[in-house]
Enquirer: 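Shown below is the structure under consideration.
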Amino acid sequence: MKYKAFQFLENGYIEAIDQRKLPFQKEPFLLKTSDDAFYAIKEMVVRGAGVIGNIGAIGVYLAALESRGDKHHVEWQSELLRHARPTAVNLTWAIDRMLTKLKNNKNGNSIEPLKKEAIQICEEDKENTIAIGKHGFLLIEDIWKRNGKKKVNILTHCNAGYLGIVDSGTALAPIYEAKKNGIDIHVWVDETRPRNQGSNLTSWELSQEGIEHTVIVDNTGGLLLQKKLVDIVFVGADRVTAKGDVANKIGTYLKALAAHDNNVPFYVAFPVSTFDFLLSDGLSEVEIELRGEEEIKYVHGLDSKGNYKKVLVTLADTKVANYGFDVTPNRLITGLITEKGICGANEDAIRKKYLN
Ligand code: RUB
């Protein structure tokens with residue numbers, strides 16, 4: 001099975017694109033053990049809620065591969081994988097699915113059933129993101145028709161494209177669909193400090209697809225929204241509560257506030273597996289990942305001679321705080337796009353659509 005962010009190899013191992021090196025180098029990262037999968041998630045070799053879930057599931061399969069039939073090893077490694085990163089619910093969701101498969105597997109060898117289940121999870125994401133693209137596209141098409149078929153300007157934050165979820169992305173899926181349907185689009189890409197998923201990954205993806213885009217620093221969105229240079233905002237999600245609060249990359253909330261203040265529609269796109277129906281109030285209940293100081297203190301890139309460099313951008317002993325995610329309250333969100341369609345970000349609409 002071959003996806004844009006990773007592929008299953010003939011020998012049973014997995015090869016992922018090392019996202020830490022994009023857009024400057026496209027290098028493979030080989031996953032042979034469940035520890036490799038843990039490392040890849042923790043160190044953000046791979047990232048994005050969907051792909052974290054996929055690699056988590058693959059990690060459980062790799063644990064079976066290395067276990068010599070020891071079920072406890074698979075269970076132990078699964079618990080390690082579950083805690084590799086805390087905010088995206090897709091990781092724990094995928095691990096639970098794999099553990100259920102392991103528990104229900106009655107014939108001794110669990111390697112093949114677990115491999116099949118991991119592939120099944122990836123295939124479902126693939127189908128779901130195609131559907132998300134089609135639903136979200138209707139919103140872009142509507143704006144395009146209403147503005148006299150002029151260019152549609154879209155703002156996005158972080159990377160919720162095919163590097164984040166196989167194989168069409170979530171926030172970027174409607175954009176890919178619009179391009180396919182010949183609609184003139186332009187994407188404002190938030191740089192997304194500190195790890196620059198926007199300037200490094202989203203801009204790389206959009207370049208690969210030939211989609212016009214402009215990278216902006218994270219504080220620019222407010223001005224663009226005030227000046228009516230943005231028609232619609234699409235972001236992804238790491239965890240969505242039963243009342244529609246959304247945890248996503250740090251800075252998402254500020255974009256939602258600015259969009260709300262300027263009456264610009266703000267949509268969140270994600271597969272149903274990103275819902276955490278056990279939670280209600282996102283701000284008090286979602287665990288926000290705190291990451292290391294290095295990500296803020298250093299930036300990575302090429303120098304004028306084209307050499308890859310890591311550069312300190314603050315005094316080495318300066319205190320920094322690196323919150324990875326924030327929570328956008330449902331009142332700021334125009335709608336939620338999943339594979340099942342679009343609904344309001346409120347408890348009633350969500351219950352009606354997903355829990356009945
Ligand atoms: C990624 C991020 C993405 C969501 C949705 O954060 O916040 O917007 O995970 O991703 P990080 P997707 O880079 O820290 O993992 O829709 O691609 O699953």
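Note that ligands are numbered from 1 as they come in the structure, with each ligand's atoms numbered from 1 the same way. The structure displayed is predicted, hence computed values, not measured ones. Atoms considered below: every heavy atom in the structure, side chains included; atoms not considered: hydrogens, waters and symmetry mates.
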Enquirer: For Glu112, enumerate each residue passing the side chain to side chain donor-acceptor pair (under 3.5 Å) test, keeping only those at least two apart in sequence or located in another chain.
Expert: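 Expected list: none.
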
Enquirer: Measuring from non-hydrogen atoms of Ala237 to any atom of ligand 1, is the shortest distance under 4.0 Å?
Expert: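 Within the 4.0 Å threshold, so yes.
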
Enquirer: Answer yes or no: does an N/O atom from Cys158 fall short of 3.5 Å to an N/O atom of ligand 1?
Expert: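 Cys158 vs ligand 1: no N/O contact under 3.5 Å.
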
Enquirer: Indicate if Ile140 and Val264 have the same hydrophobic cluster label, given that clusters are the connected sets of ILVMFWY residues with side-chain heavy-atom separations under 4.5 angstrom.
Expert: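 No, Ile140 and Val264 fall in different hydrophobic clusters.
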
Enquirer: Any non-hydrogen atom of Glu289 lying under 4.0 Å from ligand 1?
Expert: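 Flag not set, Glu289 not near ligand 1.
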
Enquirer: If you measure from each heavy atom of Thr87 to ligand 1, is any distance below 4.0 Å?
Expert: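 The answer is no: ligand 1 sits nowhere under 4.0 Å from a heavy atom of Thr87.
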
Enquirer: To which protein heavy atom is atom 6 (O) of ligand 1 closest, and what is the distance rounded to 0.1 Å?
Expert: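 In this structure, atom 6 (O) of ligand 1 has Lys249 CE, 3.3 Å as its nearest protein heavy atom.
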
Enquirer: Measuring from the heavy atoms of His157, does anything fall under 4.0 Å of ligand 1?
Expert: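 The answer is no, since His157 has no heavy atom less than 4.0 Å from ligand 1.
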
Enquirer: Between Lys249 and Phe325, is NZ or CZ placed under 6.0 angstrom from the six-membered ring centre and within 45° of the ring axis?
Expert: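 Verdict for Phe325: a cation-pi partner in Lys249.
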
Enquirer: Give the table of side-chain donor-acceptor pairs shorter than 3.5 Å for residues 226-236, with sequence neighbours excluded, one pair per line with atom names and distance.
Expert:
residue, atom, partner, partner atom, Å
Lys228, NZ, Asn262, O, 3.2
Asp231, OD2, Asn153, N, 2.7

Enquirer: Would you indicate whether the side-chain heavy atoms of Asp281 and Asp245 approach each other to under 4.5 Å?
Expert: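 When only atoms from C-beta onward are counted, Asp281 and Asp245 do touch, with a gap below 4.5 Å.
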
Enquirer: Give the residue and atom name of whichever protein heavy atom lies nearest to atom 17 (O) of ligand 1, and the separation in Å to one decimal.
Expert: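 Scanning the protein heavy atoms, the shortest distance from atom 17 (O) of ligand 1 goes to Gly164 C, 3.1 Å.
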
Enquirer: Looking only at protein heavy atoms, identify the closest one to atom 16 (O) of ligand 1 and say how far it is in Å.
Expert: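 The closest one turns out to be Thr170 OG1, 2.5 Å.
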
Enquirer: More than 12 foreign heavy atoms under 6.0 Å from CZ of Phe277: is that the case here?
Expert: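 It does: Phe277 CZ has more than 12 such atoms within range.
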
